[in-house]
Amino acid sequence: MTTRAEPGDDQGDPGLSAVMSERRQLINLGYRLLGSLADAEDVVQETYARWYAMSAQERQAIEAPGAWLMTVASRICLNLLGSARARRETYVGDWIPEPLPEPTEWITGRSGVGAIDPADRVTLDESVTMAFLVVLDSMTPAERVAFVLHDVFRYPFGEVAEIVGRTPAACRQLASSARRRVRTAETPAGPSAGQARIVRQFRTAWQATDIDALISLLDPGATATADGGGLAVTHLLPIVGGEQIARAYAEIARVSGHRTTFLECTVNGLPGLVAQQEGDIATVFAFEIAGDRIRHIWAVRNPEKLRPWRIS
C-alpha cells in the first residue's frame with residue numbers, strides 16, 4: 001500500500017516547485033478514488049486552481065500545503081463520486097475502471113509510455129489492481145473515501161472525518177464496512193510468474209481458437225465483462241461461465257483474429273493483454289486469477305479509457 005506523504009519543507013511561503021511536487025500524490029489519490037486517470041488529472045487541475053485562487057498571504061498562512069491540497073482533492077473526488085452514480089445510469093453497458101500500463105514495462109520490453117511525465121504516473125500496488133478497483137466502485141462515496149484515505153494513504157480518522165464531514169467514529173465504521181467488502185471479494189493471489197504463464201497460455205489458446213484449452217484455463221464460474229462505453233462494439237452484458245466465455249472468445253478470434261496482434265503487458269500491476277489492430281490499441285484485458293484458473297476478465301474497449309496506452 002502507499003503511505004501518506006509528509007509535508008516536508010512546504011512551510012512558510014512555498015515556491016511553485018514545492019507545491020507542484022505534490023502532483024504525483026494527488027494523481028495517485030484521484031485515480032484510486034475515481035478509477036479514472038483522466039478524472040484524476042481534472043481533479044488535480046481544479047485543486048491547483050483553488051490553491052492559486054487564494055492570495056499569496058492566504059497561501060503563506062497554510063502551514064502544510066501538501067495536506068491542504070490532499071484535503072481539497074479528496075473533497076472534490078467525494079463530490080464527483082456522488083454525481084458519478086447518476087452519470088452511470090446513462091452509460092452504455094458496464095463501466096470498468098480505466099486500465100493503467102506499467103511505465104517501465106510497456107509493449108514487450110519497450111520502456112516508457114508515450115511522453116507521460118513521471119509526476120502523472122500512478123504508483124502500482126495492490127490498491128490499483130482491476131479487481132480491487134472494481135470492489136472500490138461498489139462502495140458508497142463516503143465508504144470509498146474513508147477507506148482509501150485511511151487504509152491506503154494512512155490518514156488518521158480524525159482527519160478523514162474533516163474531509164468526509166462525519167464523526168471519526170462514523171468514518172471508522174465506513175472504513176470497516178469497506179474493508180469487509182474487500183475481504184469478501186479477495187482472491188488469493190498466486191506468484192506473478194504463475195499468473196503471467198496462465199495469461200500467456202490463454203492468449204495462445206485464444207489465438208488458436210482452442211475451446212477445450214480455453215475452458216481448462218477458465219474457472220467454471222468465471223465472468224467476462226466488457227466496457228465499450230457506446231463507442232466500441234462489444235458484448236453489453238457480462239458473459240458468465242467458463243465454457244460460455246471460451247466459446248464467445250473463440251468466435252471473437254475467428255472473426256477478427258487475422259487482423260489482431262496480442263501483446264503481453266502489465267495492466268494495473270498484473271499480467272494482462274493488449275489487442276492491437278492495424279497498429280492501434282483496440283482493447284486492454286485485465287485478469288483476476290485464482291489458483292491456476294482465470295476467474296474474471298475485464299475487457300476495456302472504450303477509446304477514451306485507452307489514452308494512457310497510446311504511443312506518442
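A side-chain donor from one of Glu143 and Ser177 sits under 3.5 Å from a side-chain acceptor of the other. At a cut-off of 3.5 Å, with distance as the only test, a side-chain donor of Ser176 or Arg180 sits close to an acceptor on the other residue. Using modelled atom types, one finds no donor on one side chain facing an acceptor on the other under 3.5 Å when comparing Arg144 with Thr140. In this structure, a donor-acceptor pair under 3.5 Å is present between the side chains of Tyr91 and Asp227.
Between Phe287 and Phe202, the angle of the ring planes goes over 60°, which puts this pair in the perpendicular group of the 30/60° scheme. Aromatic ring orientation, His150 versus Phe157: parallel (interplanar angle below 30°, classes split at 30° and 60°).
With respect to the salt-bridge test (charged N to carboxylate O, under 4.0 angstrom), the residues Arg32 and Asp125 qualify. Checked for salt-bridge contact, Arg307 and Glu41 meet the test: a charged N lies under 4.0 Å from a carboxylate O. In summary, Arg197 and Asp292 do not engage in a salt bridge, as defined by a charged side-chain N under 4.0 Å from a carboxylate O. The residues Glu251 and Arg247 are annotated as not salt-bridged, no charged nitrogen and carboxylate oxygen being separated by less than 4.0 angstrom. Salt-bridge check for Arg88 with Asp94: failed, with every basic side-chain N at 4.0 Å or more from each acidic carboxylate O. Between Arg200 and Glu264 there is a salt bridge, with a side-chain nitrogen of the basic residue lying less than 4.0 Å from a carboxylate oxygen of the acidic one.
For the pair Leu100/Trp309, no side-chain contact is recorded, criterion being any heavy-atom separation below 4.5 Å from C-beta on. At least one side-chain heavy atom of Leu214 sits less than 4.5 Å from a side-chain heavy atom of Trp206. Residues Phe153 and Asn28 form a side-chain contact, since some pair of their non-hydrogen atoms from C-beta on lies under 4.5 Å apart. Looking only at side-chain heavy atoms (C-beta outward), Arg23 and Tyr48 come within less than 4.5 Å of each other. Inter-residue side-chain proximity for Leu69 and Val19 is flagged as met; some heavy-atom pair is nearer than 4.5 Å. Residues Arg59 and Trp51 have side chains in contact (heavy-atom distance under 4.5 Å, counting atoms from C-beta outward). The shortest distance between side-chain heavy atoms of Trp68 and Met54 falls below 4.5 Å.
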Show every donor-acceptor pair shorter than 3.5 Å between a side-chain atom in residues 232-239 and any protein atom, with sequence neighbours excluded, or say none if there are none.
residue	atom	partner	partner atom	Å
His235	ND1	Leu237	O	3.0

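Looking at Thr204, Val267, Ile294, Leu273 one by one, the single match for side-chain contact (heavy atoms from CB on, under 4.5 Å) with Val199 turns out to be Leu273.
Atom CZ of Arg87 sits about 9.0 Å away from atom CH2 of Trp95, to the nearest 0.5 Å. Note: Leu29 CG to Met70 CE = 4.5 Å, rounded to the nearest 0.5 Å. Going from atom CG of Leu149 over to atom CG of Leu33 covers 6.0 Å, rounded to the nearest 0.5 Å. Of the inter-residue distances, the one linking Leu136 atom CG with Leu133 atom CG reads 6.0 Å to the nearest 0.5 angstrom.
The neighbour count for Gln244 CD, taken as heavy atoms of other residues, nucleotides or ligands under 6.0 Å away, is above 12. Taking a 6.0 Å sphere around CD of Glu304, one finds it holds 12 or fewer heavy atoms contributed by other residues, nucleotides or ligands. The 12-atom threshold is exceeded at CZ of Arg75, counting heavy atoms of other residues, nucleotides or ligands nearer than 6.0 Å. Heavy atoms from other residues, nucleotides or ligands lying under 6.0 Å from CD of Glu46 number more than 12.
Linking ILVMFWY residues whenever their side-chain heavy atoms come closer than 4.5 Å, directly or via other members, leaves Ile211 and Leu218 in distinct clusters. Tyr155 and Val164 end up in the same hydrophobic cluster when Ile, Leu, Val, Met, Phe, Trp and Tyr side chains are linked at under 4.5 Å. A chain of hydrophobic side-chain contacts below 4.5 Å, direct or via other Ile, Leu, Val, Met, Phe, Trp or Tyr residues, connects Met20 to Val72. Follow the hydrophobic side-chain contacts under 4.5 Å out from Trp298 and you never reach Leu270; the two are in separate clusters.
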Taking it one step at a time, do Val135 and Met139 satisfy side-chain contact (heavy atoms from CB on, under 4.5 Å)? CA-CA 7 Å; Val135 176; Met139 300 176 185; 4.2 Å; yes
Determine, step by step, whether Ile96 and Met130 satisfy the side-chain contact (heavy atoms from CB on, under 4.5 Å) criterion, reporting the C-alpha distance in whole Å, the side-chain angles of both residues, the deciding distance to 0.1 Å, and the verdict. CA-CA 8 Å; Ile96 298 175; Met130 190 61 73; 3.7 Å; yes
Worked verdict on Thr260 versus Gln277 for side-chain hydrogen bond (donor to acceptor under 3.5 Å, both in side chains): CA-CA 5 Å; Thr260 302; Gln277 292 181 346; 3.0 Å; yes
List the steps, then state whether side-chain contact (heavy atoms from CB on, under 4.5 Å) holds for Thr47 with Ile76. CA-CA 8 Å; Thr47 301; Ile76 295 172; 3.6 Å; yes
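When all heavy atoms of Cys171 and Ala146 are compared, the closest pair comes out as O-CB, 4.0 Å. Among all heavy-atom pairs drawn from Gly30 and Cys77, the shortest one is CA-SG, 4.0 Å. Closest approach of Glu98 to Pro308, counting heavy atoms only: OE2-CG, 3.3 Å.
A distance-only check finds no donor-acceptor pair linking the side chain of Arg179 to the backbone of Phe147 [under 3.5 Å].
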